[in-house]
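Indexing begins at 1, ligand by ligand and atom by atom, following the structure's order. Computation of the quantities below employed the complete heavy-atom set of this structure, encompassing side-chain atoms and omitting hydrogens, waters and symmetry-equivalent molecules.
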Amino acid sequence: TVNGETAKSPEQKVDETKDTVTLDGHSFSYQKYFYYKLHKPAGVVTAVRDHHDQTVLDLLVDAPGKDLSPVGRLDKDTEGFVLITDNGEFAHRILAPRSHVPKTYTARLDRPAGPELVEAFAAGVVLDGRTCMPALLAPDPDDPRTARVVLRQGMYHQVKRMFGAYGITVTALRRDAIGGLALDPDLEPGKCRKLSKIEVERILTEGL
Ligand code: URA
């Protein structure tokens with residue numbers, strides 16, 4: 001039915017902003033763009049398709065949306081929050097070098113991160129002659145081989161290279177949040193979930 005009247009003609013047009021459409025008693029609303037939060041497991045590549053490896057899009061099952069793609073990249077061995085959407089303009093707002101949407105990671109390190117490293121991250125680590133934006137490094141006080149890192153840039157392998165510049169190897173990396181939206185603890189690796197409008201807006205807020 002459209003606005004309570006049975007729709008008999010396939011040509012019937014609807015105004016998605018005001019008409020009420022139901023099928024077998026279930027009502028439908030129009031959604032232009034779709035947004036998903038995926039918990040990427042290690043071993044999966046952040047690509048739309050790949051000849052060898054499973055991709056993040058292979059993990060999106062029963063997910064409506066046209067030309068969905070991941071927003072930014074995680075390394076194959078990194079796990080955590082990957083945002084997937086068909087809204088290219090929104091993706092651009094997150095990825096644009098000037099947007100500085102914070103990304104929060106947990107890094108497992110081969111050596112403890114000390115206070116001098118916290119200062120170096122805050123001052124801006126130099127990678128290939130270029131000074132990175134100040135980053136927050138917060139080692140776990142009970143286990144300084146685990147640390148939270150917040151970056152406002154997305155350079156290639158940036159977290160690993162920033163630690164690498166000080167001789168520290170990242171042995172495991174997980175992205176926990178993009179902007180103010182965190183990966184939920186009950187979203188298991190390999191699982192994805194559609195985001196609500198409020199959650200999508202939270203991505204563009206200040207972070208955790
Ligand atoms: N930094 C890295 O080094 N790897 C990632 O996957 C993300 C950020």
Test side-chain hydrogen bond (donor to acceptor under 3.5 Å, both in side chains) applied to Thr55 - qualifying residues, sequence neighbours left out = Asp58
Kindly determine whether Arg148 and Thr106 satisfy side-chain hydrogen bond (donor to acceptor under 3.5 Å, both in side chains), including the steps that lead there.
-> CA-CA 5 Å; Arg148 189 157 71 93; Thr106 300; over 6 Å; no
May I have all residue pairs that pass side-chain hydrogen bond (donor to acceptor under 3.5 Å, both in side chains) and include part of residues 116-141, sequence neighbours excluded?
-> Asp128-Arg161
Find out whether the Lys NZ or Arg CZ of Lys37 is both under 6.0 angstrom from the six-membered ring centre of Phe81 and within 45° of the ring's axis.
-> yes
Salt bridge present between Asp50 and Lys76 (N-O < 4.0 angstrom) = no
Return the protein residues near ligand 1 (heavy atom under 4.0 Å from any of its atoms), ordered by chain and residue number.
-> Leu74, Asp75, Thr78, Tyr105, His157, Gln158, Val159, Lys160, Leu173
Partners of Thr17 by side-chain hydrogen bond (donor to acceptor under 3.5 Å, both in side chains), sequence neighbours excluded?
-> Asp15
